[in-house]
Protein chains: 4
Amino acid sequence: MTNAKSPSERRAHLVRLAGDLFAEKGFRATTVREIADAAGILSGSLYHHFDSKESIGDEILSAFLEDVLAGYREAIRETADPRTAIEQIVRSSTATLGRHRAALTMLQNDWNYFSGQPRFAYLRTAMKEIEQTWIDQLERGKQTGQFRADLDARLTYRLLRDILWLPTSWRPSATWSTEQIVDGLLRLLFDGITVP
Amino acid sequence: MTNAKSPSERRAHLVRLAGDLFAEKGFRATTVREIADAAGILSGSLYHHFDSKESIGDEILSAFLEDVLAGYREAIRETADPRTAIEQIVRSSTATLGRHRAALTMLQNDWNYFSGQPRFAYLRTAMKEIEQTWIDQLERGKQTGQFRADLDARLTYRLLRDILWLPTSWRPSATWSTEQIVDGLLRLLFDGITVP
Amino acid sequence: MTNAKSPSERRAHLVRLAGDLFAEKGFRATTVREIADAAGILSGSLYHHFDSKESIGDEILSAFLEDVLAGYREAIRETADPRTAIEQIVRSSTATLGRHRAALTMLQNDWNYFSGQPRFAYLRTAMKEIEQTWIDQLERGKQTGQFRADLDARLTYRLLRDILWLPTSWRPSATWSTEQIVDGLLRLLFDGITVP
Amino acid sequence: MTNAKSPSERRAHLVRLAGDLFAEKGFRATTVREIADAAGILSGSLYHHFDSKESIGDEILSAFLEDVLAGYREAIRETADPRTAIEQIVRSSTATLGRHRAALTMLQNDWNYFSGQPRFAYLRTAMKEIEQTWIDQLERGKQTGQFRADLDARLTYRLLRDILWLPTSWRPSATWSTEQIVDGLLRLLFDGITVP
DNA sequence: AATGAATGAGTGTTCATTCAT
DNA sequence: AATGAATGAACACTCATTCAT
């Protein structure tokens, strides 16, 4: 009668519903009642599947960061050329971010909230690895003579990172395809806007 | 011991205190009790000076945007050269953003919240003017041959804007002076990271 | 010990409790905490059943007016004789008002508050229908020669209406039965106090 | 420079302003801030003239009841004829009520609030005297054969009293003059609406 | 006679969470 | 797996009142 799904499928479905709402209005601004409404159940019933709202957030966020880091690690493992590595990082980020739109907006809207809690300590850890990867590649590029010698790697990273995390940018639209966005970004990053 | 201040000074002081808290933890995440605590008064007493929490936010946000727009308008009024105009915009933004750190984090954390309310309609208006200014200058630069002809002005703006609005970047630190940050950014913007 | 009731019974019970308090001290003067106390729960728990204090008032008031208007409509549908119609209106009002004591005091104490809100616009609408019904019957009685020709229908209605809405009068007491009250009122209305 | 008024004039002016607001929105629903605003001063400054909001209400209410009772006493002192006495009571009430519109609405909206407080005990006392006066005259009229013998004096009073206290009725309008209202009421009271 | 700042108790409301059924 | 009812702490806000200046 009811199309019986496996328990974990039901659970995954709820996480996805919650993620959509988190993406739309932020983690804190989304109430468990809204999540439950979207699922067609009562708010209390959610606690049969999760022991807290934060545990839903945890699930979304940790899956996202594992995915991101996997992309970064693969990018630097596959190639010795820093320019190619950075290009690969950017391209892998595009794909990853497209898959985890909810996680991204959650981090942007409520970074302070999450990063302050012990439970989400892995957020800071992951961000450090991401930063270090960028700095490493930028420094190596300076040594190979591919990147400008006067580049401050850390400063450049800070200036660049957020461009990568703009959720709107990463949603292919009627105006720009994903490819166009990535190419535009890489062109900007490597060559700037000035005619040489 | 009580240093008598002018009537409006007290009010301005409270706005500053509130702004610091908003910057630190977001507008919504900051309670009026926390603001009152910071001022050493009771929460209800705040309403002697403001008629709502939102009106404090309004004061901070509108002051910020007026300041930003003034900088943009002056930048394009003073010069006909698009490259110089953009450089001027970036430099004025640096100064403005340094003066309005609270407003910036408020917008980043709670953009959805504010932009959805009629009271804050001016936020969207201002953002449109900012976007248009960037696109205008980028297009003009393409026509003068200063910028690459294949530049998608709108896409480039979207990619660039947020780099300008990173509050962390704009706080001069022990590591980087404001000058260094601006120069690094302009270098990146105009020339990219690659050795020509 | 807990007598299991149907879901909506609980809700109806709360409405009744709230109505008693509203009748006793007025709608505005009654706090949601008092209602909750009367129900033996916490104030916040009321919001599981209602989405606002006003929605409780709405429920009470609209039920009352529907009942009143039903009585009026039936009275004028059943009879063509204006004197009988008015007598029927008075008798039906007696019954209705006895069933809705809370609504009546709410309207008397907080008419200004309610009638000013769009949500309660139906209050004014209903009052207009009530007034029109009275005026119609009084005018018809003048034409049939049953009522004095010099009667100002509108003025008479205004003078009469509130006599019908006195909650104290409509509570049968040790002193007077409901029948006595209605008869007294009708006698007064039709014949005055003077010996003919 | 400033047109200096006597202290008591200023005070009386404030009482009048407050009374207007009380009449418009009820005693409890009117805030001291609103009174102060109407007077062009700050709310705290009112406490230079009155020691509480209730003391303003007290002033208005006690003046009203003294006036009402004076009218009643004079009416029964001047004449031995109960019908004339009642007519005189009604006529004097009209005048009095016109002069104390604020007091009347205050009593109607917030009777429960006032009558429950020891400070306003005189309200109940005065109402008792009013009731007794009506009953006395009605009984005497029955004995003289002027009023119907089957009249329940107490019930009739209850049914009549509120008709006298309708503030809207007592404000002469474009539609009805004060005279018309009084005459209409007396006609209704003595003769009813039926053609003899 | 008035200001400007503050108090403190209270208001309606929200929301993550719990739990017996 | 879900319901329906409730909790309890917090929230933004109100308002009569006080008081030093």
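Each chain gets a letter, A, B and so on, in the order its sequence line appears, and its residues count up from 1. Computed from a predicted model, the values in this text were never measured in an experiment.
At least one side-chain heavy atom of A/Leu123 sits under 4.5 Å from a side-chain heavy atom of A/Trp111. Side-chain contact check for B/Thr30 versus B/Ile35: some heavy-atom pair is nearer than 4.5 Å. Side-chain contact between C/Phe50 and C/Arg11 is present, with heavy atoms from C-beta onward closer than 4.5 Å.
Taking only side-chain atoms of D/His49, from C-beta outward, the nucleotide of F/dC13, E/dA2, E/dG12 with the closest atom is E/dA2. Of the candidates E/dT7, E/dA5, E/dG12, the closest approach to any side-chain atom of B/His48 belongs to E/dA5. Set against F/dT3, F/dA6, E/dC15, the side chain of A/Thr31 has E/dC15 as its closest nucleotide.
Remark on DNA chain F: of its neighbouring residues B/Arg33 and C/Ser43, the 5'-side contact belongs to C/Ser43, judged by nearest-heavy-atom nucleotide. Nearest-nucleotide positions on DNA chain E for C/Phe27 and B/Gly44 put B/Gly44 closer to the 5' end.
Pair assignment for E/dT21 gives F/dA2, based on Watson-Crick or G-U wobble hydrogen-bonding distances that are each under 3.5 Å. Searching all strands for a Watson-Crick or G-U wobble partner of E/dT11 with both distances below 3.5 Å returns F/dA12. Searching all strands for a Watson-Crick or G-U wobble partner of F/dT7 with both distances below 3.5 Å returns E/dA16.
One interatomic measurement links the two molecules: CZ of D/Phe50 to P of E/dA1, which rounds to 11 Å at whole-angstrom precision. Here F/dA10 presents its C1' atom at 12 Å from NZ of B/Lys53, a figure rounded to the nearest Å. Spacing between atom CG of A/Leu21 and atom C1' of E/dC15 amounts to 16 Å, rounded to whole angstrom units. Protein atom CG of A/Leu42 is 10 Å distant from nucleotide atom P of F/dA5, rounded to whole Å. One atom, CG of B/Asp37, and another, C1' of E/dT7, lie 14 Å apart when rounded to the nearest Å. Between the CD atom of B/Glu54 and the P atom of F/dA12 there is a distance of 11 Å, given to the nearest Å. Put simply, CG on D/Leu46 is 15 Å from P on E/dG4, counting in whole angstrom units. In this structure, A/His13 places its NE2 atom 11 Å from P of F/dA2, rounding to the nearest Å.
Residue B/Tyr47 has a polar side-chain atom (N or O) positioned under 4.0 Å from OP1 or OP2 of F/dC13. Under 4.0 angstrom from either OP1 or OP2 of F/dA5 there lies no side-chain N or O belonging to C/Ser45.
The six-membered or imidazole ring of A/Phe120 lies away from that of A/Tyr113, with a centre-to-centre distance of 6.0 Å or more.
Not a single donor-acceptor contact under 3.5 angstrom links the side-chain atoms of C/Arg10 to the base of F/dG4.
Looking at heavy-atom distances under 4.0 Å, A/Ser52 makes contact with sugar-phosphate atoms alone, never a base. Using a 4.0 Å heavy-atom distance criterion, D/Ser55 is classed as making no nucleic acid contact. The residue D/Ile41 sits close only to the backbone: its heavy atoms come under 4.0 Å of sugar-phosphate atoms, none of a base.
Judged by the 6.0 Å distance and 45° axis criteria, D/Lys53 is not positioned over the aromatic ring of D/Tyr47.
When only modelled atom types and interatomic distance are considered, D/Arg33 and D/Ser43 share no side-chain donor-acceptor pair under 3.5 Å.
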